[in-house]
Amino acid sequence: MANNQSLSLSQWAALALTLVTAACSVIRTNPEANEKAVGGVEPADPKDEEVQKAVDFAVETYNDLTNDAYVSKPIQVISARQQVVYGKDFYLKIKLGRTTCPKGQSVDLDDCPFNELPDQQEKTICNFKINTVPWEKKISMTNFSCQSP
């Protein structure tokens, strides 16, 4: 004979269905949960320390790869996005300007003024993909392209 205090199978099923329905409605009505996907590309704060390291690396690598006699430095980080992968990928859109500092000298970009001569003012907009793996102390540029504004 069943105890009056125990729930019947149909009562357990009804309780379980009620809990699942309640959980689903919480998930559906939480827009933040719907926006973030694991491994998805999300906006990044250009002032964030990790983003700044990626920007510095992108500009340094750009200067190493170009044939310009002068180094360039960022005028503006137009956009920054990030994606968690094995490490993190940063997708950066940066407006660069030519400085008066010649390549081949050890310089601090902060001390290099932009070239103001009309025939020497070169500006370019570049898209960079930078991969970082902090626990392995690795950073690399996996892709970049540039165009004149």
Side-chain angles (χ1 to χ4, degrees), residues 7 11-149:
L7 295 176
Q11 289 172 321
W12 276 112
L15 180 60
L17 182 60
T18 302
L19 291 173
V20 168
T21 304
C24 288
S25 67
V26 168
I27 292 169
R28 250 185 277 122
T29 58
N30 184 350
E32 191 173 310
N34 293 334
E35 288 177 16
K36 294 188 179 184
V38 175
V41 179
E42 299 177 345
D45 182 357
K47 295 176 184 171
D48 179 79
E49 185 179 340
E50 275 186 295
V51 175
Q52 282 301 307
K53 286 179 183 178
V55 167
D56 292 345
F57 180 81
V59 173
E60 180 182 329
T61 305
Y62 170 84
N63 281 322
D64 289 344
L65 294 173
T66 61
N67 293 326
D68 197 333
Y70 297 92
V71 294
S72 292
K73 71 178 189 178
I75 296 171
Q76 174 189 14
V77 176
I78 298 168
S79 67
R81 298 177 300 140
Q82 61 189 2
Q83 179 180 26
V84 175
V85 292
Y86 183 76
K88 196 178 276 189
D89 282 340
F90 291 97
Y91 299 90
L92 307 169
K93 186 172 191 174
I94 305 171
K95 185 174 187 179
L96 299 169
R98 178 191 271 169
T99 70
T100 59
C101 296
K103 281 187 179 178
Q105 297 179 1
S106 179
V107 294
D108 181 358
L109 281 181
D110 291 334
D111 296 333
C112 290
F114 289 108
N115 198 321
E116 298 299 330
L117 296 174
D119 63 333
Q120 295 294 312
Q121 288 182 355
E122 285 203 20
K123 293 179 180 143
T124 187
I125 295 177
C126 297
N127 292 296
F128 298 98
K129 181 179 177 186
I130 306 297
N131 176 260
T132 63
V133 186
W135 58 90
E136 292 180 2
K137 295 185 171 119
K138 290 184 180 178
I139 186 167
S140 60
M141 182 162 52
T142 56
N143 191 6
F144 86 102
S145 63
C146 299
Q147 60 196 17
S148 296

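Keep in mind that what you see is a predicted model, and the values were worked out from it rather than measured.
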Given the rule in the side chain to side chain contact (heavy atoms under 4.5 Å, CB included) test, do Gln82 and Asp48 qualify, once you have shown the distances and angles that lead to the verdict?
-> CA-CA 11 Å; Gln82 61 189 2; Asp48 179 79; 5.6 Å; no
Looking only at heavy atoms, which two atoms of Ser72 and Val59 are closest? And how far apart?
-> O-CG1, 3.5 Å
Does Tyr70 have Arg98 sitting over its ring (NZ/CZ under 6.0 Å from centre, angle to axis within 45°)?
-> no
More than 12 non-hydrogen atoms from neighbouring residues, nucleotides or ligands closer than 6.0 Å to CD on Glu136, yes or no?
-> yes
Of all heavy-atom pairs linking Thr124 and Ser148, the shortest is OG1-N, 4.2 Å
Full working for side chain to side chain contact (heavy atoms under 4.5 Å, CB included) between Lys123 and Ile75 = CA-CA 9 Å; Lys123 293 179 180 143; Ile75 296 171; 3.9 Å; yes
Is there side-chain contact between Val55 and Pro46, with heavy atoms separated by less than 4.5 Å?
-> no
Of the non-hydrogen atoms in Lys88 and Val84, which two are nearest, and what is the gap between them?
-> CE-CG2, 4.4 Å
Tightest non-hydrogen contact, residues Thr100 and Phe114, listed as CG2-O, 4.2 Å
Would Asn143 and Asn127 satisfy side chain to side chain contact (heavy atoms under 4.5 Å, CB included), going step by step from the backbone distance to the final call?
-> CA-CA 8 Å; Asn143 191 6; Asn127 292 296; over 6 Å; no
Do Thr66 and Lys103 touch side chain to side chain, with heavy atoms closer than 4.5 Å?
-> yes
List the atom of Lys47, the atom of Gln52, and the distance in Å for their closest heavy-atom pair.
-> O-CG, 4.2 Å
Working to the nearest 0.5 Å, report the span between CD1 of Ile94 and CD1 of Ile125.
-> 11.0 Å
Output the distance between atom OG (Ser145) and atom NZ (Lys129), rounded to the nearest 0.5 Å.
-> 12.5 Å
Test log, rule side chain to side chain contact (heavy atoms under 4.5 Å, CB included), inputs Phe90 and Glu50 | CA-CA 9 Å; Phe90 291 97; Glu50 275 186 295; 3.9 Å; yes
Non-hydrogen side-chain atoms of Ile139 and Ile130 separated by less than 4.5 Å | yes
Could you tell me whether the side chain of Thr61 reaches within less than 4.5 Å of the side chain of Phe144, counting heavy atoms only?
-> no
For Tyr62 against Cys146, the heavy-atom pair lying closest together | CE1-SG, 3.6 Å
